[in-house]
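Below: the structure, in structure tokens.
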There are 2 protein chains.
Amino acid sequence: MICTCEFCEIKNIFYATVKEAELEEFCGSRIEKEVRAGELIIRQGDPIKDFIYLKEGLVKLYRDTPNGRQIISLGIPKDFVSLLSVFAGNSYTYSVTALHNSIICILDMAEIRQLVSENGDFAMSMIATLNKASERILFNYLDLNQKRLTGRVAQVLLYFSDIFQSDDFEIPISRVEIAQLVGMTTENVVRTIAELRKDNIVDAYGKDINIKNRDMLVKIMNLN
Amino acid sequence: MICTCEFCEIKNIFYATVKEAELEEFCGSRIEKEVRAGELIIRQGDPIKDFIYLKEGLVKLYRDTPNGRQIISLGIPKDFVSLLSVFAGNSYTYSVTALHNSIICILDMAEIRQLVSENGDFAMSMIATLNKASERILFNYLDLNQKRLTGRVAQVLLYFSDIFQSDDFEIPISRVEIAQLVGMTTENVVRTIAELRKDNIVDAYGKDINIKNRDMLVKIMNLN
DNA sequence: ATCAGACAATGATAATTATCAATGTTTAAG
DNA sequence: CTTAAACATTGATAATTATCATTGTCTGAT
């Protein structure tokens, strides 16, 4: 047996739905790959041949337009990095780059398609997962757009706090990238974080963040 | 045979993928319903029991939050009105209301699920369609957020022009709804349209719009 | 037909955010 | 270890957008 990752989401879908023989065949053709922080995993415009799953690490999904770069979302372990457009189009409409050193699992898209076609339960799980992920991204955006800058920054900080399960963490992206993620200028990201520091709501030295007053930060997120 | 709509998207998926007997059974259990302009089709929070397809007319998908209402997208004929969250959650995360008198086709969600499970080709088509629709909505939002107010209004007007295949049409939504669709205030929607009129780019009397200088309108959409 | 409530329009003003400029700091490549 | 490039910071200012106030207009229910 080649698939040994205990908590692999895809494998779990399989276990629930696929015969043992299918699983082995499938696992045999997958490629596990280490990527370094900063390394490009998917390039916007590239043909979609693989289905990519994030085993370990942290990545950003973003797109470049004539008007600048927008970060669409971050991917954490167990996320399908291929999610938008994999079943819809021929080429990727966004890029993916590793933020931390990461391990990705590369599956053949044709095989995934075949599995969807042949295995109804697998298809259902796949639809549900993709549906959930794209809804989360969309609604997150809708939420952001109702907020002012302070609220957006608060939301980002609380998001990271949630990912790292701590009030004390290192922001995995630069100020520039925060700006691209929430749709504001870099200068205003800096200023807003400085404000939060002055108001004693967070400690912030560069990328090190400590949330000192979570209740207030949540209030700011909701009111602005 | 009960399914007689010549251009039904769902039926077409079936034809390509489903046995004749399945199709008849399925069609037998569908309900076709007329809804009047203004009528609520799906209420945010309601349990998801049906899968709804728009045969005729125009609808809006929107959600209400503590900070106000946001229109997520408009649905046109052949759109799946149930798209976000149908396969992901138990209840609708958004509402749907008819803008024009419309005809919807109501299918049993359990039957759709069963078909996905039993019929791989159907599953593939379903994934592709949902994937495409949610990507369109998301990227449309990302586009909007890079634009200033003038650009957003220009984009909306061109969008309607595209739906109605004419430079001369009646906006199907109010100024208030345009504001909810593109994330700006009603006052600024009014002002922006007034600007476009003064600059001789559109004629606008109430809901009647005539695009007089399409090239310029496209430029405004792209530059702002 | 009329009347309340929603919608539309416009101006004045305030609040928010972006832009521009300048300078300090960190980081990665050689 | 050094150095250029990217990143971060801050202030001043301009541009954009929202808010508030007021008035006019349309529309659907009685």
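The model shown is predicted, which means the values in this text are computed figures rather than measured ones. Chain A is the first sequence line, chain B the second, and so forth, proteins listed ahead of strands; every chain is numbered from 1. Just so you know, these numbers use all the heavy atoms, side chains as well, and skip hydrogens, waters and symmetry mates.
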For the side chain of A:V190, starting at C-beta, report the closest nucleotide among C:dA8, C:dT10, D:dT10. D:dT10

Worked verdict on A:R63 versus A:Q44 for side-chain hydrogen bond (donor to acceptor under 3.5 Å, both in side chains): CA-CA 7 Å; A:R63 65 172 198 150; A:Q44 186 175 337; over 6 Å; no

Assess, by modelled atom type and distance only, whether the side chains of B:S73 and B:Y141 contain a donor and an acceptor separated by less than 3.5 Å. no

Of all the nucleotides listed (D:dA12, D:dT17, C:dT10), which has the minimum atom distance to the side chain of B:N188? D:dT17

At under 4.0 Å between heavy atoms, what does A:T185 touch on the DNA or RNA strands: base, sugar-phosphate, or nothing? base

Which nucleotide in the list D:dT17, C:dT10, C:dA9 gets nearest to the side chain of B:R148? D:dT17

Less than 3.5 Å apart, any donor N or O on the side chain of A:Q146 or B:T65 sitting next to an acceptor on the other? yes

In whole Å, I'd like the distance from the CD1 atom of B:I171 to the P atom of D:dC26. 15 Å

Minimum-distance nucleotide to A:R191 side chain [options: D:dA12, C:dT16, D:dT16]: D:dA12

Just by distance, do the side chain of B:E195 and the backbone of B:T192 share a donor-acceptor pair under 3.5 Å? no

If each of B:K147 and A:I193 is mapped to the nucleotide of DNA chain D with the nearest heavy atom, which maps nearer the 5' terminus, i.e. the 5' end? A:I193

Nearest-neighbour nucleotide for the A:V176 side chain, C:dT17, C:dC7, D:dA8 considered: D:dA8

Could you check which of D:dT10, C:dA8, D:dT16 has an atom nearest any side-chain atom of A:E187? D:dT10

Contact nearer the 5' end of DNA chain C, comparing A:L149 with B:K198: B:K198

